[in-house]
Structures are given as structure tokens and as C-alpha cells.
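Okay, structure first, notes after.
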Amino acid sequence: KKFNCLPLMGCPISKSKPTAQVSNEGCRVGVGLEFLEALLDTVNSKLRPEATTQDLCNKLVLPLTRSKACAYTELFARESVSGKPLVGPPNVYVCHAWFSRARDVLQVLIDFAREEAKLGHADAYFWFDPLVCNQHVFPERTQAWWTSALPANIKSVGRMLLVLTPWNKPVALSRTWCLWELHCALQDKSIELHIRLPPLEQQALLSGMCQSYSAITDALATIDVEKSSAFQPSTKEDIFKALHLQTTLAEVTNQIKHHLRDWFLDLTKKLVLDAAKEGKRTKAMYNLAYLLSEYGHFESALQFFQKDLEQNLNTVGELHSDTASSYNGMGRTLRQMGHADQAIAAYQKSIQIYIQIGQERTSDAATSFIGLGHIYNGLDLYSQAQECYLKAAEVYREVNGEMDVYTATSYHSLAQAYENQGKMDEALDCYLKAVEIYETSLGETHHYTASGYNDLAVVYEKLGDNKKAITYHEQAVRISDLTLGADHPETAVSHGNLGCLMVQEGIDVELGVQHLQQCLEVLYSKLGPQHATTVALADRARRFGIAVPE
């Protein structure tokens with residue numbers, strides 16, 4: 001029996017008086033799979049393709065419930081299909097935005113319910129507010145409701161399903177209410193949090209990662225609790241008050257970004273591997289590996305670079321630019337892991353291929369020279385490093401122009417070589433050039449800009465201008481926390497450099513020690529105690545009498 005969800009068009013409707021089981025003050029009823037499937041059919045036939053969840057409410061729910069002034073689900077409180085109730089106690093709380101496409105949201109709920117059925121789990125019943133809340137009643141929300149009642153409601157359901165659409169700028173993550181719901185779920189470890197993209201958005205994510213390794217980072221950069229919006233200004237004010245009782249808006253933003261970053265990476269891994277199983281060779285494999293290395297997941301990054309190399313060798317062969325890129329990526333990750341000899345071999349293989357195929361003077365080849373220079377720099381072979389960086393800078397300027405980001409990276413690297421040779425004036429000049437290009441091309445809140453600020457601060461410190469050094473270190477910490485996350489090695493180094501200088505200068509020593517301790521905790525966890533960066537910052541901490549991890 002196919003359920004029809006349009007009762008005013010002659011379909012079955014509960015003949016009993018609505019029970020008013022939905023008071024809008026608790027999560028007491030949810031809608032099941034059959035209900036949602038019928039509703040999606042109706043939405044597809046009655047509403048325009050771009051209709052939002054708000055349109056669903058205004059054009060279907062409100063007209064159908066106006067005569068009884070009740071929740072939509074109350075019309076079907078005692079109906080069932082094939083022995084299954086259409087509505088029942090909720091076990092999935094839906095976090096969504098009313099400006100999202102209704103079709104997308106409903107399809108995500110349907111797919112989730114089908115997944116649960118395949119796994120043999122209990123039937124999913126969704127607390128989905130347009131359907132289960134009385135849309136003719138607008139209860140006044142007190143501060144106690146936001147701080148206590150709503151979190152308790154979510155906890156009573158036990159699971160949350162966050163619907164993200166579109167993938168690269170999810171509407172839900174721009175809405176204050178949704179961010180508060182998500183924060184409540186993340187704070188309570190007993191609540192299972194599930195996140196889903198509609199099917200078409202999953203493919204859009206894969207396409208985005210084919211275009212750029214920074215696609216996910218760029219999407220996460222749009223999340224900012226403080227800049228979120230709500231239907232009523234008072235709602236935003238009340239939620240912010242509730243948040244301030246627990247934490248800061250910046251910490252909530254970082255908490256949400258960190259969780260979503262890991263989720264996006266896991267989903268992209270699955271999408272990339274599924275595409276590979278189907279015999280599809282995409283740039284997403286390489287870009288994912290590169291992004292994993294950016295986030296400090298080096299073992300996983302190396303695995304995906306190796307898969308990318310294997311895929312390229314089997315399809316386009318060794319003498320191809322994509323194969324050279326795979327070797328370059330492996331070299332970069334091996335260098336980050338501290339495996340200098342293996343990294344040199346990978347970079348040299350990459351450069352050899354570019355030379356053999358006549359692409360020595362390309363941006364990709366220049367990137368391999370940059371990587372090789374980094375290794376020489378780390379081995380104290382500064383003149384060899386300088387030679388690699390100069391060659392890369394020449395190619396980048398020729399191919400991309402002076403104000404290109406890659407040109408900036410070559411200046412940045414060249415500055416490091418000069419700095420290590422004690423040529424501070426040359427180093428400062430190159431750092432300033434790099435930072436100017438980063439700020440112009442990427443903006444002041446990009447992690448490349450943060451890296452430039454950090455290194456610029458170190459040079460000013462060596463030149464004795466500690467006031468400027470602290471200013472740039474603080475900027476680097478602020479940006480890295482927001483873009484890379486507090487647990488990233490680059491962020492940790494920024495915290496460590498700032499902490500050392502604060503302790504050395506006697507400026508808020510307690511806070512400086514906290515910066516150093518946070519730095520070492522991350523470096524010991526992510527890079528290990530033997531990594532050169534960890535050793536260097538641990539030695540600085542010891543000189544200040546600060547305990548380091550064992």
C-alpha cells in the first residue's frame with residue numbers, strides 16, 4: 001500500500017481528534033521512511049525544483065494543517081503502512097537549514113533510513129521540525145530553554161543527522177540555530193553524530209577535489225559562528241549568551257571546523273577509492289593526498305600518493321607529467337616525515353621525468369626543485385638549497401608572473417636559505433616579497449600567509465626587533481588556529497615560537513608557557529620526539545626551565 005501524504009485530497013487521515021502530542025517543547029514524535037518517501041513524491045510533483053524546506057512548510061504543511069491548527073504528523077498519528085506506523089518515537093534528530101533545498105534534505109533522510117534498514121537496525125524515525133512541530137504556534141524561548149531544554153531534547157533522541165548542502169558552502173553551517181545544535185551534539189559524547197551530503201553533492205565534492213586540493217579547506221573557511229545568521233536577532237543573541245556560558249565563539253568555530261575537517265577527509269577517501277575501483281583516474285587522488293599532508297596526516301598521505309603513482313604507472317606510464325607529480329608528492333610527504341634519503345630519490349625521479357618529457361621549465365617541475373631545496377636546507381646544504389630555490393623562482397616568474405602564489409613560495413623558500421646562511425637582509429627582503437604576494441593573492445587569513453608571518457617574525461627576532469616579531473607571531477597563531485586547526489604541526493610551531501619569545505621577554509610568561517606546552521604536545525603527537533622540529537623547540541623549552549613530554 002502506497003501512502004499518500006495529501007490528506008486534503010481525499011487520502012486516509014486519522015479520524016480521531018489530534019492528540020496534541022507535539023507541544024513544540026520536546027522531541028516526542030518522528031516520521032518514518034514511508035512517510036518521507038511519499039512526501040518526497042509530493043514535493044517533486046507539487047513544488048519547483050529549487051523549493052526550500054521553508055517552501056515545504058509554507059506551501060504544503062501550513063495549508064494542510066490550517067483547519068486543525070496542528071502539526072502535520074498529527075494528521076497521521078494512527079496511520080500505518082504494511083504494519084509500520086507512519087509516525088513514532090524519534091530516534092534521529094535532524095539538524096538542517098530551512099533555506100536548504102527540500103528535495104536534498106528529504107533524500108538524505110530517506111537514504112539514511114534505508115542504510116539503517118540494511119544494517120538491521122531499528123526503523124529510523126526522524127524528528128524533523130517542519131513536520132513534527134506545530135507550525136501555527138510560536139512558543140517564546142527563554143534563556144533556560146536554549147541552555148538546558150534544547151540540549152536535553154537532543155540528548156533524549158540520542159542521534160543527530162546533520163544535512164549539509166551545498167557541500168562547499170553548507171547553508172546549515174551559516175545558521176546560528178544549527179551551529180548551536182551541532183555544538184550541543186559535539187559536547188555530549190553520548191549523542192551519535194551522523195553527517196550526510198545529498199548524492200549529487202557527494203559527486204560535486206569529488207569534482208571540487210579534482211580541481212583543487214584546497215577545496216575542502218576553502219569550504220571550511222566559510223564557517224564562522226560569530227558571522228552566522230538567524231531569523232530573529234533575539235535568537236542569535238540568546239544562543240550567543242548560552243555559548244558564552246560554556247566557551248567562546250572562536251572555540252566553537254574551531255571545534256566544528258575540526259570535526260567537519262575529519263569527516264570531509266574520511267568521505268573524500270571513500271569517494272576517491274570508489275572511483276578508483278570503477279577504473280576512473282582522477283586528479284582527486286593526488287589532491288586528497290596533498291591535503292592530507294597539509295593537515296599533518298603523513299602516513300595516510302603517503303599511502304594515497306603511492307596509490308596515485310600506481311594508478312598513473314598502470315594507465316599513462318612512467319614518462320608522463322602525472323607520474324612525475326606522484327613522485328613529487330611522495331617526496332614532499334617523505335620529507336615531512338623526516339625520511340630525507342627517500343625524499344631526495346623521489347624528487348630526483350620527478351625532476352628526471354620532467355626533463356625527459358621536455359617539461360623542465362614548468363610550474364610542476366619548479367615545485368620539485370622547491371621540495372628538493374627544502375631537503376638540502378634541512379641537511380644544512382644551504383648553497384645547494386639556494387640553487388634549487390633560485391631555479392624555481394626563475395621558472396615561476398617566467399611561467400606565472402611576479403604576483404603568483406607559486407612565485408611567492410619560491411621567495412619564501414629562498415628567504416629560508418638566506419636566513420640559514422646568516423644573510424638576514426636578503427632573507428628579510430624575500431620574506432617581505434612573499435608575504436606581500438600571499439596577502440594580495442590569498443588574503444590575510446590564509447595559512448600560507450600565516451606561515452609567512454611566522455617566518456618573518458623569526459627574522460625580526462634575530463634582527464632584534466622583538467616588538468615586530470611578537471606582532472607577526474600573534475597573527476600567525478590566530479590564522480593557523482582558524483585555518484589548519486590547533487593540532488596541526490605548523491600551528492604548533494607558531495604557538496611555540498610565540499611562547500618562546502613571550503617567556504624570553506617576560507611578556508605574560510604564564511601565557512607564553514601555555515603556548516609552548518600546547519606546541520610540544522602537538523609535535524610529540526604528530527611528528528614524534530625525534531623529529532628535528534620537535535627536538536629544536538623542546539630544547540628551547542628546556543632552556544627556559546619548562547618541562548617537556550617524556
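On a predicted model such as this, the values are computed, not experimentally measured, just so you know.
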Atom [atom1] of [X] with >12 non-hydrogen neighbours under 6.0 angstrom:
X    : atom1 : result
Q359 : CD    : yes
K526 : NZ    : yes
K307 : NZ    : no

For the residue pair [Y] / [X], report whether a side-chain donor-acceptor contact shorter than 3.5 Å exists.
X    : Y    : value
Y389 : T409 : no
Q255 : Q187 : yes
N420 : Q416 : no
Q386 : Q421 : yes
S321 : D364 : no

Side chain of [X], backbone of [Y]: donor and acceptor closer than 3.5 Å?
X    : Y    : answer
R397 : T407 : no
R101 : P166 : no
T222 : D218 : no

Would you call the rings of [X] and [Y] parallel, tilted or perpendicular, taking 30° and 60° as the class edges?
X    : Y    : value
Y431 : H412 : perpendicular
Y453 : Y472 : tilted
F240 : H244 : perpendicular

Exercise. Is there a side-chain contact between L164 and L260 (heavy atoms, below 4.5 Å)?
Worked result: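 Yes, at least one pair of side-chain atoms sits under 4.5 Å.
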Exercise. Less than 4.5 Å apart, any side-chain heavy atom of T533 and any of P489?
Worked result: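 With C-beta onward as the side chain, the pair stays apart.
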For this session: Could you check V395 against T362 for side-chain contact (heavy atoms from CB on, under 4.5 Å), going step by step and ending with a plain yes or no?
Result: CA-CA 7 Å; V395 173; T362 62; 5.7 Å; no
Exercise. Any cation-pi pair here, R196 with F112, using under 6.0 Å and within 45°?
Worked result: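 The answer is no; the distance or angle limit is not met.
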Problem set entry | Cationic tip of R175 above F99 ring, under 6.0 Å, 45° of axis |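 The answer is no, since R175 fails at least one limit relative to F99.
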Are any of the side-chain nitrogens in [X] or [Y] under 4.0 Å away from the carboxylate oxygens of its partner?
X    : Y    : result
E444 : R478 : no
K270 : D274 : yes
R48  : E50  : no

Exercise. So, do F305 and Y286 have ring centers that fall under 6.0 Å from each other?
Worked result: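 Yes, close enough.
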